[in-house]
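Predicted, not measured: the structure shown is a model, and the values here were computed from it. The figures here come from the full heavy-atom set of this structure, side chains too, leaving out hydrogens, waters and symmetry mates. All residue numbers refer to positions in the sequence shown, counting from 1.
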Amino acid sequence: HVILDEATYLQEVNKLTVVSGNLNNDDWNTLKSMTNLVELDISGMAVTSIPSSAFSNKWGLEKIVLPKKLEAIGNSAFNGTGIKEIELPESLTTLDSHAFANCTSLVGIKIPDKITKISSGSFKGCSNLQSVNFPSALTSIGYESFYETDLREIDIPASVEIINGDAFCRNTNLKKVTFNEGLVKIEYDSFLGCESIESIVCPSTLRTIDRSGFQGCKNLKQISWNEGLVSINSYAFSGCTGLTDIVLPSTLEDCKEYAFSGCGNIKTIEARSVLPPTTDGSCPLSSVDLTGVTLYVPSWSVGEYQLADGWN
């Protein structure tokens, strides 16, 4: 184990290439202890996994070339490093939670095709991350996976059925989001505070927009709702002050309290459901001056809406 044997000398090394072989736990610990390491090339090594926290908080590490046959990156493996760019090998199948969290110098990432799940917090806090390319076979985008990054545009693959809570929360410069057919649920806070989004087109497969899903998206002006949508939960579009007209689909069964609270520029709502969607008792437009708002409903359902909690 040359790395371990030369540990004292290596403390002064800025750039290190390990040509071949493997690494044991002592070797990984030695690499982590190299305080001056800026660039590391382990591309020629027979390493299939990067251990959890292997380089965690090594803020001076700016570049690493990964093994060509790497299969897994462990929890928080590169959390808090200074990596500016990194190429993930196509052999990679597992990206564990917080793997690249708080890499504030990282500006772009391409997720390899064999990755089907982006784990929770994988890129959380990567405040300069502007672009991500998702693999076509991706099925899950985990909790807080891109929380407080700087993404500008995303295209969610058709294979993704659920966008988990806080996944893209507080991406303030995110302007364009493409949802493809196959998406079923947008969970709580998924796009909370994404104030640059201007329009949303809901795919026909979408059934639920969860609590605070798009809360605070103040530049959101247009929503193309899908027939098939069943639930809009509390605060889902709260504070979306750019909205002026809303057309709710006939399939909607739940439009929970405060769903559009604080949307003070809404002028018309067209509710196409024959039966008034349930509201939990409070008006979906709480904190809005309703004197300037017109509600349109099916002509044969006027009586039901006049008696329904939250709509009357």
Would you check if the side chain of [X] reaches a backbone N or O of [Y] as a donor-acceptor pair within less than 3.5 Å?
X	Y	value
K58	M34	yes
E227	S250	yes
S76	S56	no
S122	S145	no
S301	V274	yes
N36	V13	no
S20	G44	no
D113	P135	no
S120	S97	no
N57	G80	no

Quick one: does [X]'s side chain get under 4.5 Å of [Y]'s, heavy atoms only?
X	Y	answer
W28	V47	yes
F55	I64	yes
D166	L192	no
C263	C240	yes
E253	S273	no
T149	I109	no
C283	L290	yes
P276	E304	yes

(request) Show your working on side-chain contact (heavy atoms from CB on, under 4.5 Å) between F123 and L151 and close with a plain yes or no. (result) CA-CA 11 Å; F123 297 93; L151 295 174; over 6 Å; no
Please round to the nearest 0.5 Å and tell me the distance separating atom [atom1] of [X] and atom [atom2] of [Y].
X	Y	atom1	atom2	result
L92	E87	CG	CD	11.5 Å
K124	F146	NZ	CZ	14.0 Å
T81	E62	OG1	CD	10.0 Å
L243	K218	CG	NZ	14.0 Å
N226	I200	CG	CD1	11.5 Å
I223	L229	CD1	CG	10.0 Å

Closest non-hydrogen atom pair, [X] against [Y]:
X	Y	value
S196	N219	CA-ND2, 4.3 Å
E153	L174	N-CD1, 3.6 Å
L95	I115	N-CD1, 4.0 Å
K185	D210	CE-OD2, 3.5 Å
S190	E187	OG-O, 2.7 Å
P277	Y305	CD-OH, 3.7 Å

Quick check: are there more than 12 heavy atoms from other residues, nucleotides or ligands sitting under 6.0 Å from [atom1] of [X]?
X	atom1	answer
E161	CD	no
K221	NZ	yes
N312	CG	yes
L275	CG	no

Joint cluster assignment, [X] & [Y], ILVMFWY side-chain distance < 4.5 Å:
X	Y	value
F260	L206	yes
Y143	I209	no
V302	W311	yes
L220	L285	yes
Y188	I162	no

(request) Please lay out, stage by stage, how S238 and S261 fare under the test side chain to side chain donor-acceptor pair (under 3.5 Å). (result) CA-CA 5 Å; S238 176; S261 68; 2.8 Å; yes
(request) Might you work through the side chain to side chain donor-acceptor pair (under 3.5 Å) test for D254 and S231, ending with a clear yes or no? (result) CA-CA 5 Å; D254 301 304; S231 296; 3.2 Å; yes
(request) Look at E270 together with R272 and state whether they make a salt bridge at an N to O cut-off of under 4.0 Å. (result) yes
(message) Strictly below 4.0 Å, N to O, side chains only: are E90 and K110 in salt-bridge contact?
(response)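 Here E90 pairs with K110 in a salt bridge, since their nearest N and O are under 4.0 Å apart.
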(request) Give the intermediate values and the outcome of side chain to side chain donor-acceptor pair (under 3.5 Å) for residues T244 and N265. (result) CA-CA 5 Å; T244 56; N265 291 310; over 6 Å; no
(request) Please determine which of N128, N171, N173 meets the side-chain hydrogen bond (donor to acceptor under 3.5 Å, both in side chains) test together with D150. (result)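 When side-chain hydrogen bond (donor to acceptor under 3.5 Å, both in side chains) is applied between D150 and each of N128, N171, N173, only N173 qualifies.
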(request) Could you walk me through whether I232 and W225 pass the side-chain contact (heavy atoms from CB on, under 4.5 Å) test, one step at a time? (result) CA-CA 11 Å; I232 299 174; W225 306 95; 3.5 Å; yes
(request) Go through T291 and D289 one step at a time and tell me if the side chain to side chain donor-acceptor pair (under 3.5 Å) criterion holds. (result) CA-CA 6 Å; T291 57; D289 181 5; 2.7 Å; yes
(message) Quick one, I163 with I156, criterion side-chain contact (heavy atoms from CB on, under 4.5 Å). Give me CA distance, side-chain angles, the key distance, then yes/no.
(response) CA-CA 9 Å; I163 298 175; I156 307 296; 4.2 Å; yes
(request) Take T278 and K256 through the side-chain contact (heavy atoms from CB on, under 4.5 Å) test and state the conclusion after the steps. (result) CA-CA 7 Å; T278 59; K256 299 298 186 182; 3.7 Å; yes
(message) Quick check: F168 with F179 (ring centres under 6.0 Å apart)?
(response)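 No, the ring centres sit 6.0 Å or more apart.
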